[in-house]
Protein chains: 2
Amino acid sequence: MDGKQNIPRPTARRLSLYLRELVVLLSANRTMVSSKQIGALLGLTDAQVRKDLTFVGQFGHSGVGYDVRKLHENLRRILGRDLIWNAALIGAGNIGRALLSYRPFDELNFHITSVFDSDPGSWGLVLNKRTVQPISELETTLENSGVRLGIIAVPSHAAQGVADRLVEYGIDGILNFAPRRLELSTDVIVSNVDFTLSFEQLAFQVAQASHLSPDKEIDDLSR
Amino acid sequence: MDGKQNIPRPTARRLSLYLRELVVLLSANRTMVSSKQIGALLGLTDAQVRKDLTFVGQFGHSGVGYDVRKLHENLRRILGRDLIWNAALIGAGNIGRALLSYRPFDELNFHITSVFDSDPGSWGLVLNKRTVQPISELETTLENSGVRLGIIAVPSHAAQGVADRLVEYGIDGILNFAPRRLELSTDVIVSNVDFTLSFEQLAFQVAQASHLSPDKEIDDLSR
DNA sequence: TTTTGTGAAACGCTTCACAGCG
DNA sequence: CGCTGTGAAGCGTTTCACAAAA
């Protein structure tokens, strides 16, 4: 087998996490690692890790574990991390600016090559070496730019419009920071980053935990 | 029944989304809404919506749908959105600053009441009305502050240390923006926002889609 | 021994399909 | 009728448990 069957979403997510740990192991000069050890690093069972890794191919060694270098290399290839990903950022507000100087992106072959905004006041501003352009220049700038990904960092109400323009241009994928579902006709791939939802889920779980604790006070304080 | 059984995670997530839509419906003065209509707004089936709403309690009306106001009110209560949530932000870098002025939080009863950073250069800075404090003041500032949530927006390598201090203080929940798993001894609730992972998953899916569709040009390598 | 790879069982969530009710 | 609420079926993922390998 060759890891060619469809990879389940939860597995794909974890593969990224495995790759992260493998990078650490590599730079620590570790040569072998077992499923149990990987699992321990991430709070997963060894069985889970092994099952996931069958999608990458099987080159573990019974009694020994996996070759760190080989596993790293294969994971990189499968996850598309051996490619360079150029992205256009739309929205030069607070979130957009944070992304422009977000360090972890630098190590991942992810490059934000251009920045667009609808606010004339921002046009011409140079943020981390990239000049903010009017959004009207989106299509002409992206033409033949090699940009396959779009990052939407505009207010909610403007997100759908931006998405439509990106799709029209022929974008392959969208990273959406607006707390809103994007309605997309074609088979463009979308990944959502929704702070608000994360915050709401956190509050919900905390509220629930408080109610479930032996003392069922509703207007309680922290212990 | 009373909506008291444990709510599955996927359902809890969607309940937040339903609440979002209900707010819109409310402000549009809609009084009734059917599961089918809610589903259409979010790309879900009507059955899914109805099943989810049984966890909120049953007050839908056969042949008519759900009372928007009543549903909204109950969802708010169940999701803990009728409470005020105070949070401490640790890390006044790019992401932290973006969060301090993140508009959507304003409407959610989420308040960042204090900001801490380890960089002396940032101490005393006033960001959106909040003064950056040295992280050494974390414990004394939070004491009796009503803060139950912590937001970690520091570099990866510092995240675990910050988490440990928050746990020691007695925090109830942590919103973690560092692309790293937090190891937490106690039953503190964590919600992760991992840009990097989202970006990686997007790239993976796009790469996979390209390989699967014959028409896409592949600047491929390796095998 | 230790650890992989994997069928099979268990689990959890979604979808189906329909009785019941206004 | 139209729409809810819900058992039951279906499906995808995780966990179990063990033969095989070194």
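Atoms considered below: every heavy atom in the structure, side chains included; atoms not considered: hydrogens, waters and symmetry mates. Letters A, B, ... are given to chains in the order of the sequence lines, protein chains preceding strands, and every chain is numbered from 1.
Of the two residues contacting DNA chain D, namely Gly65(B) and Asp52(A), the nearest-nucleotide position lying further toward the 5' end is that of Gly65(B).
Checking the phosphate oxygens (OP1, OP2) of dC3(D), no side-chain nitrogen or oxygen of Gln37(B) falls inside 4.0 Å. Residue Tyr66(A) places no side-chain N or O under 4.0 Å from the OP1 or OP2 atom of dT2(C).
Across the protein-nucleic acid pair, Arg9(A) atom CZ and dC13(C) atom P stand 17 Å apart, rounded to whole Å. Atom-to-atom, CG of Asp46(A) to P of dC16(D) comes out at 9 Å; the value is rounded to the nearest Å. The separation between Gln58(A) atom CD and dT4(C) atom P is 13 Å, rounded to whole Å. Distance Met32(B) CE to dG2(D) P: 16 Å, rounded to the nearest Å. Regarding His61(A), its NE2 atom lies at a distance of 13 Å from the C1' atom of dG5(C), rounded to whole Å. One interatomic measurement links the two molecules: CG of Leu44(B) to P of dC13(C), which rounds to 16 Å at whole-angstrom precision. Atom CZ of Arg13(A) and atom C1' of dT14(D) are 15 Å apart (whole Å). The separation between Phe55(B) atom CZ and dT6(D) atom P is 11 Å, rounded to whole Å.
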Could you go through residues 91-98 of chain B and list every donor-acceptor pair under 3.5 Å that involves a side-chain atom there, pairing it with any protein atom two or more places apart or in another chain?
{"unit_1": "Asn94(B)", "atom_1": "OD1", "unit_2": "Ser101(A)", "atom_2": "OG", "d": "3.4"}
{"unit_1": "Asn94(B)", "atom_1": "ND2", "unit_2": "Ser101(A)", "atom_2": "OG", "d": "3.0"}
{"unit_1": "Arg97(B)", "atom_1": "NE", "unit_2": "Ala92(B)", "atom_2": "O", "d": "2.7"}
{"unit_1": "Arg97(B)", "atom_1": "NH2", "unit_2": "Ala92(B)", "atom_2": "O", "d": "3.3"}

Please output the side-chain donor-acceptor pairs of residues 18-33 of chain B that fall under 3.5 Å, not counting sequence neighbours, one pair per line with the distance.
{"unit_1": "Tyr18(B)", "atom_1": "OH", "unit_2": "Asp52(B)", "atom_2": "OD2", "d": "2.6"}
{"unit_1": "Arg20(B)", "atom_1": "NH1", "unit_2": "Pro179(A)", "atom_2": "O", "d": "3.2"}
{"unit_1": "Arg20(B)", "atom_1": "NH1", "unit_2": "Asp194(A)", "atom_2": "OD2", "d": "3.1"}
{"unit_1": "Arg20(B)", "atom_1": "NH2", "unit_2": "Asp194(A)", "atom_2": "OD1", "d": "3.1"}
{"unit_1": "Arg20(B)", "atom_1": "NH2", "unit_2": "Asp194(A)", "atom_2": "OD2", "d": "2.8"}
{"unit_1": "Ser27(B)", "atom_1": "OG", "unit_2": "Val23(B)", "atom_2": "O", "d": "3.3"}
{"unit_1": "Ser27(B)", "atom_1": "OG", "unit_2": "Val24(B)", "atom_2": "O", "d": "2.9"}
{"unit_1": "Arg30(B)", "atom_1": "NE", "unit_2": "Met32(B)", "atom_2": "O", "d": "3.1"}
{"unit_1": "Arg30(B)", "atom_1": "NH2", "unit_2": "Met32(B)", "atom_2": "O", "d": "3.0"}
{"unit_1": "Arg30(B)", "atom_1": "NH2", "unit_2": "Gln37(B)", "atom_2": "OE1", "d": "3.0"}

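With sequence neighbours excluded, the residues that form a side chain to side chain donor-acceptor pair (under 3.5 Å) with Arg81(A) are Glu200(B). In terms of the ring pair (Phe, Tyr, Trp, His ring centres under 6.0 Å) criterion, residue partners of Phe105(B) (sequence neighbours excluded) are, by chain and number, Phe199(A), Tyr102(B). By the side chain to side chain donor-acceptor pair (under 3.5 Å) test, Asp67(B) pairs with no residue at all, sequence neighbours left out. Looking at residues two or more places apart in sequence or on another chain, you find a side chain to side chain contact (heavy atoms under 4.5 Å, CB included) between Pro10(A) and Pro8(A), Arg14(A). With sequence neighbours excluded, no residue satisfies side chain to side chain contact (heavy atoms under 4.5 Å, CB included) with Glu107(A).
For DNA chain D, the residues of residues 14-30 of chain A within the heavy-atom distance limit of 4.0 Å (strictly under) are Arg14(A), sorted by number.
Under 4.0 Å is where a charged nitrogen must lie from a carboxylate oxygen, and between Asp46(A) and Lys36(A) no such pair does.
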(message) For a quick check, with a 4.0 angstrom heavy-atom cut-off, what is the B/S/- contact string for nucleotides 15-22 of chain C, read 5' to 3'?
(response) B-B--BB-
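In the displayed structure, Asp187(A) atom CG is contacted under 6.0 Å by at most 12 heavy atoms of other residues, nucleotides or ligands.
Side-chain atoms of Pro10(A) lie closest to dT14(D) of the nucleotides dT4(C), dG5(C), dT14(D).
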